[in-house]
Each structure stands twice: as C-alpha cells, then as structure tokens.
Peer 1: 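Just dropping this structure here.
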Amino acid sequence: MENRSKDFLRRVVEEDLKAGKYQEIVTRFPPEPNGFPHIGHAKSISINFGIAKDYQGRCNLRMDDTNPTTEDTQYVEALKDAVQWLGFKWDKEVRYTSDYFSKLYEYAIKLIKMGKAYVDSLPEEEMREYRGTVTQAGKRSKYANRSVKENLELLEGMKKGEFKEGEHVLRAKIDMASPNMKMRDPLLYRIKHAHHFRAGDEWAIYPMYDFAHCLSDYIEGVTHSICTLEFENNREIYDWVLETLELEPPRPYQHEFARLNINYTVMSKRKLLELVEKEVVSGWDDPRLPTIAGLRRRGYTPESILNFCEQIGVAKANSVVDVAQLEFSIRDDLNPKVPRVMCVLDPLKVTITNYEGSEELDASYYPHDVPKEGSRKVPFSKEIYIERDDFMENPTKGYFRLTPEQPVRLKHAYIISCKEIIKDEQGNVVEIKAEYYPNSKSGSDRSGIKVRSAIQWVEANEAKEIEVRLYDRLYNKEIPEGIEDINPNSLKVVKNALIEPAVITQKPDIRFQFERHGYFFADPVEYSDEKPIFNRIVSLKDSWAKKKKTDRTKPKTEPKKVQIDGEVTPMTQEEEARFEKYTNELKLNSEVANTLARDKQLSSFYEEALTTYSNPVNIANLVTNEVARELKSKTIGELKFKPKNIANLIKMVDDETISTKIAKQVFEEMSRSGQEPQKIVESKGLVQISDPAVLLPIIEEVMAKNPDNVEKFRAGNSKLFGFFVGQVLKATKGKGNPKVVNELIKEKLNS
RNA sequence: UGGGGUAUGGCCAAGCGGUAAGGCAACGGUUUUUGGUACCGUUAUUCGGGGGUUCGAAUCCCUCUACCCCAUCCA
C-alpha cells in the first residue's frame, strides 16, 4: 500500500485536506433499499469506507429511501449485513433520507420563497413534451409564474394529500433550454399516496433523488459525495440546489467513478431479479450470483473481496474486469489459511492385494510451505478409492498418474502399482488390483521408487459420503445479454463423493482445500451431519487440464484497424482570409495558421502581441499552444497576462536568455501572477546556463551516479539518452541549456 | 443530432514534459509427496488515429474516430 499510487478520489481528498477545505473527511454509502447488494456495492463500500479510514474520517450508512413503492426493510437488513460482513463500521446509527423529510420540506419552502421553485400542474405527458429533446430546447410550463403564495398553498395541499397522484409536482425553476436535460426544471417532489416503510402515512409527497441526495449529504456534513458515472449529468443540479439555497459552508461535492462490471456474469438489479424470479437460480443467495449473499454462501471471504476491490482500482473508464481476477483473490486468501483434506469425487475402487489389516496414518493438514500446525489420522486398509481419472490404461504423453506401468504415491501413505484391471461387460474399468511397497511409507520411504505424482484417496469403509456442488460461471458469454446465454453446466451436483472421516467428525474448519480439486465451503444453509454438503468456492489452477484441452492459444494478432477521418468543417471567409495572411505573409506552418485562423480570440491576441515584438512564427507557436490552453478554462478577460508579455517572453527566448523549457515555467508563473516575464526571470534567477565549463561537471556526476545506465546506453539502449538529459536538467533546476546539454552528453556518452 | 464523460498490452491500472509502474491472465524455468503454492524469467520501440509545438510528448495544442451516460412523477 505504501508505494502504491493513489487513485483519483484519494488525490482529490488529499488536495482538499491540504487546502483546508474541510476539517474532517466524511463520506457515505447511500444505497436505495430496493434490492440485494452485489459485488458492485462492495466496490462502493470499499471506496467510501476505505477513504474515511485512510484519512481518519467517518463514513455514514444512509438508506436513500425516497421511493416508498419499491423499498423495504428486508433490503435494509441485507445492506447493513453486507457492510458489517465486509468488516466496516458506519458512523453512529444508520441514517435514512426519510428522517430528513421535514428538513427537506423546509428547504423546498425556502426555494419557493426565493422564486426558485414552483408547483407545476401539467399532465405527465405534456410535461415530457415541454421538456424538449437533446437537440431542441424545451419550453416552460404556464404554471411556472404562479405567485409564491399560491405555490406555498399548493405545496402544503400536496403534502397533506389533498390532491391525486400526478395532479401536481414541485419543480425547480432553472432553465428549460439548458443543454443538460437534467437541468430543464427538474422535479423536486411528486405526490405519492403510498405507505412508506419507515415514515408511514405521514407524507403524501416524496422528494426526488436530485433534491434529497445533495441536501442529505449536506445535512450529514458529508464532504465527498462519491457516486457512479451515470450521475455525472446530475452533478449540475447537485451544485445548483446547494448553491441556490445559500447554505452555510462547508458543503459536499460530488465525484464519480466507474461502476464495476465482471465478465460472465450480470450486475444489474433488473437482470439479477429476473434470474431469481424465473428460478434460473435458487434465490438471492445462490452461490453462482455476484450478490454479497451469493458470494458469501459460495464461501468467499470478506478479505478476498476487499482485496479484489483494491486490486482493480478506481477510475473513470468503463471497464469489464476478468473473473479470473476475482478467482485469484479468493485462492490467494485461502491458500495460506485453510486445511488440506482428501476427497474423491468420482471413486474408482483399488484393492491392495498384498496388504492385510489396517492402520491409521498421520497426516498434516498443511503442506510444507504453509506455516501452520495441525494434523489428523487417516485410516488405511486394503480397500481404498481413488479418483477415476487418476488412472489411465493407455496413458497420453505427459500423464503422471497411475498406469499399468507407472506407480503412484498415495498421499500420506504408500506407493502402489497396478497389477490387474477389472472391467465390466462394456469394457469400463471397475476396479484395480494393486500391490503396495511396504517400505515406501510416507515420511520413511526407503523404497527408492520414483513416482511422478501423489494422488488423494479414501479408505473404503471409513470414508464418509458427502454431497459436493461444483459451481462454474453462470453464463457462457463474456458479456451476457439474457437468459439464453446461461451456462447449462453452471452447477454440477456430485451426490456420492467420498471424504476422509476427520473432516466430518472433527470439523477442523468450514473451508477446506480438497487436495488437487479446489477450495470448498461447508454450505451454511443446508449442511447437516447426516447430509454434509460442500460448495466449491473455486477450483485450483490446473495447468495439466489446460495443456490437454486448449491446443495452444492461437496468436491473435489483429491487424491494426484503419481509421477513417471525418470531415472538417470548412472555414468562413473571414477565417480563410486570416489563414491566407498567416501562411503567406507571416510564414506560419499551415497547422498553426489553421488553429489561429479559426479562433477569433486567439488570433486577435496573437496579432496584438506582434505589435510589441515581431517574430511571427515563435509567437504563433506559443499562442496556439500555451495561450490556447489557458483559454480553455478562462475567457480572454480573465487572463492575467497581456499579449505584450508574451511578446517579451519570446524575445528572451530568441536572444537565448532562457530556454523554451524555462519559457514554459515563466509562462505558468505569468498566468498565475500576471508579472512581467523579465521580472520573473530576474527574481527567480532563471537565466539559462550554456557554459560547458559549468555543465560538464554536472554531467560527469550524473554519469558517475548511474554507471549501469551508462553501460546500457553504450550497449545500444538509446532510449536512455532522454534519461540523462532529464537528470542533468533536474540537477540544474531546469536552467541548463538543453541544446548544449544534449551536445555535451552525446559527446561524453560516446567517448 | 445538443450536452456530459472515457480511450495506455488479452483484462484491470499507474503515469501530470525527461528510462512505459504494478496486479491478473499467458508462456518458459527452479523448488515441491497437491500438474497447487512460492521463487526466477519472458510478454507495449509505444499510449484510439492523424497532424502540430518542443532538444525531448502517453503527458501541451489542433483535428478526427470509437464507446458510455442524459429527454422516469426511478435512484
């Protein structure tokens, strides 16, 4: 964690802290209690609680319960449970948006009094029409100019239930022509004669997300309101509400990240619900589902999920994470923790003809590389079962297990070799007659026999029967579309697997590694001593199975796709004239001339600069690059520097007082402070160093400090040239004349 | 089509003008009484495309392209 780079959210938090914007960081996890949480929620939980933890802040758990028709307490419980299971503690009590209904109502009244909200009575359909489209502006409802008094009375009536659903709504008065659809007078309240699972029947109106969320954040003192990308368009309302209400600072700000997607599964509430309702899965806790309940029943640990969330990172690009990453995180977590036991899923009887009686073998629960103590007794006799595919009559090349010619070690026991194969009428192998080597006992092997593999087994009479549920990915397709993409083999039930008795009688743990199979979990719901049931959490990595199946991954070198350039909008006459002048008279290259000509502000800035100092090309270059950047976020009036400053800056570059690198630095300072470039150079001592006598010792020092890189460079790694230039420039605080430095380094390095 | 976003290896993802981090996956090898683990090594002359600026560009400028989100009285 120490050296890991911070994600963009943490960077924002740190900057805000540094700027003294907040005393303490407060985040929140704000689900709507209308469904079961899934691993996507886990990501959000991990981010919100994780940030609070990292910066000694706090994180609230808030139920965003503003829609009484979809929400329910069972989901509240599931959500609370999920957070706790993942190991987080929310600050104080669980919060509910419904607790703020009265406060929210007060804010609505304030907005009406400010003339910023009105009761609209347009029928639903008409309201939609009035909203316009993405390309066409909407128009305001005629009800928008109701008096404050009338609005107040109407809202009160709505609240009291005097109107039918749909009759009126409260809307913010913002801008029906806004390019952001969300800002076209968004709804603040709607009438709903519904029973709320907490607020009861007190309210006949309920606040909308856009009104309730920002204010709930504010009420709770939240500083960083972190949500997913689809709310980017809502940020403008978030800010509008908080700003318009003129609330006392500090106030929260919204930041968005990309929601989690994983391949071969689905994450949307709608699709998850469909699976449950159509009984494709057994319920919300079906171990194949990416729900927290499902993952948990499957046997995933909270640690593994948290690690997974940390591994995948937080960013703003929509992405689909490979399930292999999730599988890795659970294997990685369980490997050093969990006891190894022997289980045979598909038994093949082996009779050891030269063994008489029985014995109990000592067997450690953990392999040599897991530093944990613990062992059990494993019964052994002449009748045992091994895995059917651990024997092959006609082995393929590279097969390490038992064959007529190849002996194999029974893990924790003896080496055996096959003496006879018994088959039924169909020719299926039903039993192996084998012989064991008495002096090959595990731990005291003096047989000198070399085996290529050790396999698991169980003693025939003592073994316990168990049910094993083998789970695989739910869908066949990486990005599944619907039920038609379901993997028909996502669940395989093995009714009569055999397991060594200690697992059932001693119960050393609830999670195990069934040796050479995978990690398994005693099903928390259906397991009983009479009928033990184990879920496969994840299989072991199996490079043998892979080698058999996939006939070498084909080298998938896709040819680079050719991109077709779209059309560029033609220049106006005025632009054309400027372009001509710039290319012909001032000798600018066409690219620079083009951008300058097309931008009225830039070109007038440029031409004014030319009146101070006439180097059309160099000034144009700086204006089209650096000045253009500043103009992206500011208007020309807001710029701290003037065209003549730019001209003077170029003059200093031209007479080699400063390098272009320094010029950029000076430019930045100029746009911050508005100082004259000469002053900046003077006060900061930025005059460039071109004297080889000064530069050479520095170069030698850099080379002396990086002898390996010098060697690599001389061996042909020419990329490192930039490294040396960079180091030298760093040592001179950027003041070295890069051209001279380049020359000198080239000389030194090649000598 | 207006607005808001996003593009770095097979999948995530750092990077903020000076040597293209890291994890997963894959592929070799060593160790191994798990074809597991661990360890070692290999895998981007290039950052969506094209131009420009610069001694030097994934990073700055211009432009094009692709994908995601927004027109629920859902959140």
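Letters go in sequence order (proteins before strands), and every chain restarts at 1. All of these numbers come straight from a predicted model, not from anything done at the bench.
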Peer 1: Please report the distance separating the P of B:G9 from the corresponding atom of B:G52, rounded so that it comes out in whole Å.
Peer 2: 25 Å
Peer 1: Of the nucleotides B:G3, B:C60, B:U37, which has the atom closest to the A:Asn625 side chain?
Peer 2: B:C60
Peer 1: Check every atom of B:A25, B:C73, B:G5 against the side chain of A:Ala324 and return the nucleotide holding the closest atom.
Peer 2: B:A25
Peer 1: Is the A:Phe713 ring parallel, tilted or perpendicular to the A:Phe724 ring (thresholds 30°, 60°)?
Peer 2: perpendicular
Peer 1: Would you kindly check whether a donor in the side chain of A:Lys739 faces an acceptor in the base of B:G56, or vice versa, at under 3.5 angstrom?
Peer 2: no
Peer 1: Select one nucleotide: of B:A26, B:C74, B:G15, the one nearest the side-chain heavy atoms of A:Lys541.
Peer 2: B:A26
Peer 1: With hydrogens left out and only the distance checked, is there a donor-acceptor pair under 3.5 Å joining A:Asn742's side chain and the base of B:C55?
Peer 2: yes
Peer 1: Measuring to OP1 and OP2 of B:U72, would you say a side-chain N or O of A:Arg128 lies under 4.0 angstrom away?
Peer 2: yes
Peer 1: Could you tell me the separation between the CZ atom of A:Phe723 and the C1' atom of B:A57, rounded to a whole number of Å?
Peer 2: 19 Å
Peer 1: Looking only at side-chain N and O atoms, does A:Arg340 come under 4.0 Å of OP1 or OP2 in B:G36?
Peer 2: no
Peer 1: Would you say B:A13 has OP1 or OP2 under 4.0 Å from some side-chain N or O of A:Ser319?
Peer 2: yes
Peer 1: Check the interface with nucleotides 39-45 of chain B: list each N/O to N/O pair with the protein under 3.5 Å, or write none.
Peer 2:
none

Peer 1: I'd like to know whether the aromatic ring centres of A:Tyr238 and A:Phe231 sit less than 6.0 Å apart in this structure.
Peer 2: no
Peer 1: Output the rounded distance in Å from CG (A:Leu229) to P (B:A75).
Peer 2: 20 Å
Peer 1: Starting from C1' on B:U72, measure out to CZ on A:Arg171 and report it in whole angstrom.
Peer 2: 13 Å
Peer 1: If we take the P atom in both B:G29 and B:C12, what is their distance in whole Å?
Peer 2: 30 Å
Peer 1: Which nucleotide sits closest to the side chain of A:Met127: B:G18, B:U53, B:C73?
Peer 2: B:C73
Peer 1: Using only side-chain N and O atoms of A:Lys632, determine if any of them is under 4.0 Å from OP1 or OP2 of B:C61.
Peer 2: yes
Peer 1: On the nucleotide B:C16, are OP1 or OP2 found under 4.0 Å from the side-chain N or O atoms that A:Lys664 carries?
Peer 2: no
Peer 1: Within the structure, does a side-chain N or O atom of A:Thr66 lie under 4.0 Å from either OP1 or OP2 of B:A75?
Peer 2: yes
Peer 1: By the definition ring pair (Phe, Tyr, Trp, His ring centres under 6.0 Å), identify the one residue from A:Tyr118, A:Tyr206, A:Phe211, A:Tyr209 that meets it with A:Tyr189.
Peer 2: A:Phe211
Peer 1: From CD1 of A:Ile312 over to C1' of B:G22, roughly how many Å is that when rounded to an integer?
Peer 2: 15 Å
Peer 1: What is the distance from NZ of A:Lys661 to P of B:G56, rounded to the nearest Å?
Peer 2: 13 Å
Peer 1: I want to confirm an ordering. Mapping A:Arg629 and A:Gly132 to their closest nucleotides on RNA chain B, which one lands closer to the 5' end?
Peer 2: A:Arg629
Peer 1: Does B:C11 have OP1 or OP2 sitting under 4.0 Å from an N or O in the side chain of A:Asn263?
Peer 2: no
Peer 1: Can you tell me which nucleotide in B:A25, B:C64, B:G4 comes closest to the side chain of A:Gln563?
Peer 2: B:C64
Peer 1: For A:Phe400 and B:G35, say yes or no: do the ring centres fall under 5.5 Å of each other while the ring planes differ by less than 30°?
Peer 2: yes
Peer 1: Given B:G23, B:G5, B:U33, which nucleotide is nearest the side-chain atoms of A:Arg409?
Peer 2: B:U33
Peer 1: Atom CG of A:Asp565 and atom P of B:G50: how far apart are they, to the nearest Å?
Peer 2: 9 Å
Peer 1: Taking 4.0 Å as the cut-off, does a side-chain nitrogen or oxygen of A:Arg11 come that near to OP1 or OP2 on B:G15?
Peer 2: yes
Peer 1: Once pairs are restricted to Watson-Crick or G-U wobble with both distances under 3.5 Å, how does RNA chain B read as a dot-bracket string, [ ] for crossings and | for other-strand pairs?
Peer 2: .(((((((.[[[..)..(...]]].(((((.......))))).....[[[[[..)....]]]]])))))).....
Peer 1: Is the aromatic ring centre of A:Trp544 closer than 5.5 Å to the centre of the six-membered base ring of B:G35, with the two planes inclined by less than 30°?
Peer 2: yes
Peer 1: Counting only side-chain nitrogens and oxygens, does A:Arg190 get under 4.0 Å of the OP1 or OP2 atom of B:C74?
Peer 2: yes
Peer 1: Using the side-chain heavy atoms of A:Lys411, tell me which of these nucleotides is nearest: B:G56, B:U34, B:A14.
Peer 2: B:U34
Peer 1: When syn is taken as a glycosidic angle within 90 degrees of 0, is B:U65 syn or anti?
Peer 2: anti
Peer 1: Under 4.0 Å between a side-chain N/O of A:Arg131 and OP1 or OP2 of B:C73, yes or no?
Peer 2: yes
Peer 1: Quick check for you: among B:G49, B:C55, B:A13, whose closest atom lies nearest to any side-chain atom of A:Ala315?
Peer 2: B:A13
Peer 1: Considering just the side-chain nitrogens and oxygens of A:Asn737, establish if one lies under 4.0 Å of OP1 or OP2 belonging to B:C55.
Peer 2: no
Peer 1: For A:Glu310 and B:C12, what is the distance between atoms CD and C1' respectively, to the nearest whole Å?
Peer 2: 14 Å
Peer 1: Ignoring hydrogens and geometry beyond distance, is the side chain of A:Ser442 in donor-acceptor contact with the base of B:U33 at under 3.5 Å?
Peer 2: yes
Peer 1: Using atom P of each nucleotide, how far apart are B:A21 and B:U45 to the nearest Å?
Peer 2: 13 Å
Peer 1: Can you check the A:Asp64 CG to B:C74 C1' distance for me, whole Å?
Peer 2: 11 Å
